[in-house]
> 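Starting off with a structure, shown below.
The model shown is predicted, which means the values in this text are computed figures rather than measured ones. Chain identifiers are assigned alphabetically (A, B, ...) following the order of the sequence lines, protein sequences preceding nucleic acid strands; residue numbering begins at 1 within each chain.
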Number of protein chains: 2
Amino acid sequence: MANWSIGELARKTGVHIETIRYFEKVGLLETSGRTEGGHRVFGDRHLRSLKFIKRARELGFSPQEVRALLDMGGPEDACCDEVRDIAVHHLEDVRRKIKDLKRLEELLASTVDRCSGSHVSDCAVIDMLEEPVR
Amino acid sequence: MANWSIGELARKTGVHIETIRYFEKVGLLETSGRTEGGHRVFGDRHLRSLKFIKRARELGFSPQEVRALLDMGGPEDACCDEVRDIAVHHLEDVRRKIKDLKRLEELLASTVDRCSGSHVSDCAVIDMLEEPVR
DNA sequence: CCTTGATCCTGTAGTAGCTACAGGTGGCAA
DNA sequence: TTGCCACCTGTAGCTACTACAGGATCAAGG
C-alpha cells in the first residue's frame with residue numbers, strides 16, 4: 001500500500017540507495033516521510049518521480065534539464081511549451097553529437113584502413129593523432 | 001631552441017597550465033627538466049607528446065587509451081598491431097554511441113512532433129519519460 | 001520480551017579528469 | 001634593487017555519483 005523503505009524503492013527502480021539519498025539531498029526527489037526511528041518512508045509519488053528521473057537521465061537529459069522538467073510539474077502535471085523546449089533543445093544536442101561522432105567515425109575508419117598493422121615507420125593512426133586539429 | 005616554460009607550452013598547445021602539470025603528475029606527460037629555481041623547462045618531445053595527448057583526447061580516446069598509445073612508443077615510435085587495436089576498439093565504441101544516439105534521436109523527434117506544446121493533460125514528452133525502459 | 005541480523009541512518013571521503021585557488025618563490029627588465 | 005609577472009606546491013573545488021565507517025532501527029524468531 002505504497003509505503004516503502006529506501007531499499008524496496010531501490011529494488012523497484014534499480015537506483016542505488018545512495019543515489020536516492022543523493023537525489024533527495026540535491027532536491028531532485030522530494031523529501032520523504034520518516035518512521036519514528038528516522039527511516040525514510042516513500043510513497044507512490046516518490047516511486048513515480050524516481051522512475052521519471054532515472055528514465056530522463058538514461059535518455060541523456062542533464063540533471064539540470066531533469067530538474068527543470070520536474071520543477072514545471074514533472075509527471076504530475078500537464079504539458080507545456082517549456083517541456084517541449086527542453087526536449088527540442090536536447091534533440092538538437094543529440095543531433096550535434098551524432099554529427100561529430102560520424103565525422104570521427106569516418107576519420108577513424110579510413111585511418112584504420114590505411115594502417116597495415118605492422119611495424120613500419122609511418123603509421124596512419126599515429127599520423128592522424130599528430131595532425132593539427134582540423 | 002626548444003626550451004619553453006610551462007606558460008609558453010600552454011600557449012603553444014592550448015592546454016591549460018594546470019592540466020599540463022596534471023598530465024605530468026599522472027604520468028601521461030614525461031617529467032620535464034627544471035631551472036635552478038625549480039621552474040619546469042620543456043623541450044620538443046614534450047611539445048609533441050602534449051599535442052598528441054590533446055588530439056587523442058579530442059578524438060575521444062580515453063585517458064587509458066592515450067596512456068596505452070603513449071606507452072607503446074607514442075608519436076616517437078613505429079606503428080604496431082596494438083595501436084591499430086586501440087583505434088579499432090575506439091571505432092567500435094564510436095559506432096555503438098552513434099547507434100544509441102540515433103535511436104534516441106528518433107524517439108525524441110517523434111515525441112516532440114506529437115507534443116502540441118499546449119497545456120493538455122497528456123504530453124508526449126512526459127509520456128515518453130514515464131514509459132518503462134524498453 | 002529479547003536477541004539477532006538485516007537494513008537503515010548520517011557524515012565523510014573517494015572516483016575521474018580536470019580546474020581554481022592560496023600563499024609563497026623565481027626570473028627578468030628598468 | 002625593486003617591481004611585477006610567471007611560476008611553484010598543495011589543497012580544494014567541480015559533477016554526479018558511489019562507497020565506506022560507525023552507529024541506530026526494524027522485524028522476525030525464540
Side-chain angles (χ1 to χ4, degrees), chain A residues 1-43 46-47 49-71 90 93 97, chain B residues 1 3-29 31-43 46-47 49-71 90 93 97:
Chain A
M1 42 144 68
N3 255 359
W4 303 297
S5 71
I6 196 167
E8 287 165 331
L9 197 66
R11 275 188 294 278
K12 270 177 198 299
T13 57
V15 176
H16 287 151
I17 287 178
E18 291 91 348
T19 308
I20 296 174
R21 284 197 281 251
Y22 170 75
F23 283 163
E24 188 188 287
K25 200 175 80 181
V26 298
L28 273 182
L29 190 65
E30 62 185 304
T31 53
S32 64
R34 297 281 180 137
T35 64
E36 284 283 297
H39 286 201
R40 287 174 182 81
V41 181
F42 297 94
H46 300 101
L47 178 61
S49 283
L50 190 51
K51 280 184 176 168
F52 182 87
I53 294 167
K54 193 194 177 207
R55 171 96 165 130
R57 294 291 291 121
E58 281 168 353
L59 291 176
F61 286 87
S62 72
Q64 286 76 6
E65 287 171 332
V66 176
R67 194 185 309 271
L69 286 168
L70 287 166
D71 282 355
H90 184 44
D93 209 51
K97 276 183 191 150
Chain B
M1 41 145 66
N3 255 1
W4 302 298
S5 72
I6 196 168
E8 287 165 331
L9 197 66
R11 274 188 295 279
K12 270 177 199 300
T13 57
V15 176
H16 286 151
I17 287 177
E18 291 91 348
T19 308
I20 296 174
R21 285 198 280 249
Y22 170 75
F23 283 163
E24 188 188 286
K25 199 177 80 180
V26 300
L28 271 183
L29 190 65
T31 53
S32 63
R34 299 279 180 139
T35 64
E36 283 284 297
H39 286 201
R40 287 174 182 80
V41 181
F42 298 92
H46 300 101
L47 176 62
S49 284
L50 189 51
K51 279 184 177 169
F52 182 87
I53 294 166
K54 192 192 177 208
R55 172 93 165 132
R57 295 291 293 121
E58 279 168 354
L59 291 176
F61 286 87
S62 72
Q64 287 76 7
E65 287 171 331
V66 177
R67 194 184 309 271
L69 287 168
L70 288 166
D71 281 354
H90 184 43
D93 209 51
K97 276 183 192 150

> When we call it a touch if two heavy atoms are under 4.0 Å apart, what does Arg57(B) touch: a base, just sugar-phosphate, or nothing?
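Touches sugar-phosphate only.
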> Determine whether a donor-acceptor pair (N or O, by modelled atom type, separation under 3.5 Å) exists between the side chain of Lys54(A) and the backbone of Val15(A).
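Judged by distance alone, no pair lies under 3.5 Å.
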> Heavy-atom nearest nucleotide on DNA chain C for Gly37(B) versus Gln64(B): which residue maps closer to 5'?
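Counting from the 5' end, the first nearest nucleotide belongs to Gln64(B).
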> Give, ordered by number, those residues of residues 15-28 of chain A having at least one heavy-atom distance below 4.0 Å to an atom of DNA chain D; if nothing qualifies, reply none.
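Contacting residues: His16(A), Glu18(A), Thr19(A), Tyr22(A), Phe23(A).
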> Is the side chain of Arg67(A) donor-acceptor paired with the backbone N or O of Val26(A) at a distance under 3.5 Å, no angle test?
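Flag set: sc Arg67(A) to bb Val26(A) pair under 3.5 Å.
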> Show your reasoning for whether side chain to side chain contact (heavy atoms under 4.5 Å, CB included) applies to Glu24(A) and Ser32(A).
CA-CA 8 Å; Glu24(A) 188 188 287; Ser32(A) 64; 3.8 Å; yes
> Test your reading of the model: is there a side-chain donor-acceptor pair from His90(A) to the backbone of Leu59(A), 3.5 Å cut-off?
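Such a contact is found between His90(A) side chain and Leu59(A) backbone.
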> Rounded to the nearest Å, what distance is computed from the CD atom of residue Glu36(B) to the P atom of nucleotide dC28(C)?
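Going from Glu36(B) (CD) to dC28(C) (P), I get 12 Å.
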> Give the rounded distance in Å between these two atoms: CZ of Arg34(A) and P of dC8(C).
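It is 12 Å, rounded to the nearest whole Å.
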> Which pair of heavy atoms, one from Leu28(B) and one from Val66(B), lies closest together, and at what distance?
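So the minimum-distance heavy-atom pair works out to CD2-CG1, 4.1 Å.
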> Whole angstrom is fine here: how far is it from NE2 in His39(B) over to C1' in dC28(C)?
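My rounded result for the distance is 11 Å.
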> Less than 4.5 Å apart, any side-chain heavy atom of Ile20(B) and any of Phe42(B)?
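Yes, at least one pair of side-chain atoms sits under 4.5 Å.
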> Would you call Glu8(B) and Lys12(B) a salt bridge, taking side-chain N to carboxylate O under 4.0 Å as the test?
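Salt bridge: no.
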> Taking 5' to 3' order, which nucleotide of DNA chain D is first and which is last to have an atom within less than 4.0 Å of a heavy atom in chain A?
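Listed 5' to 3', the contact boundaries are dA16(D) to dC26(D).
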> Please assess Arg21(B) against Arg40(B) for the test side chain to side chain contact (heavy atoms under 4.5 Å, CB included), listing each intermediate value before the final yes or no.
CA-CA 10 Å; Arg21(B) 285 198 280 249; Arg40(B) 287 174 182 80; 3.4 Å; yes
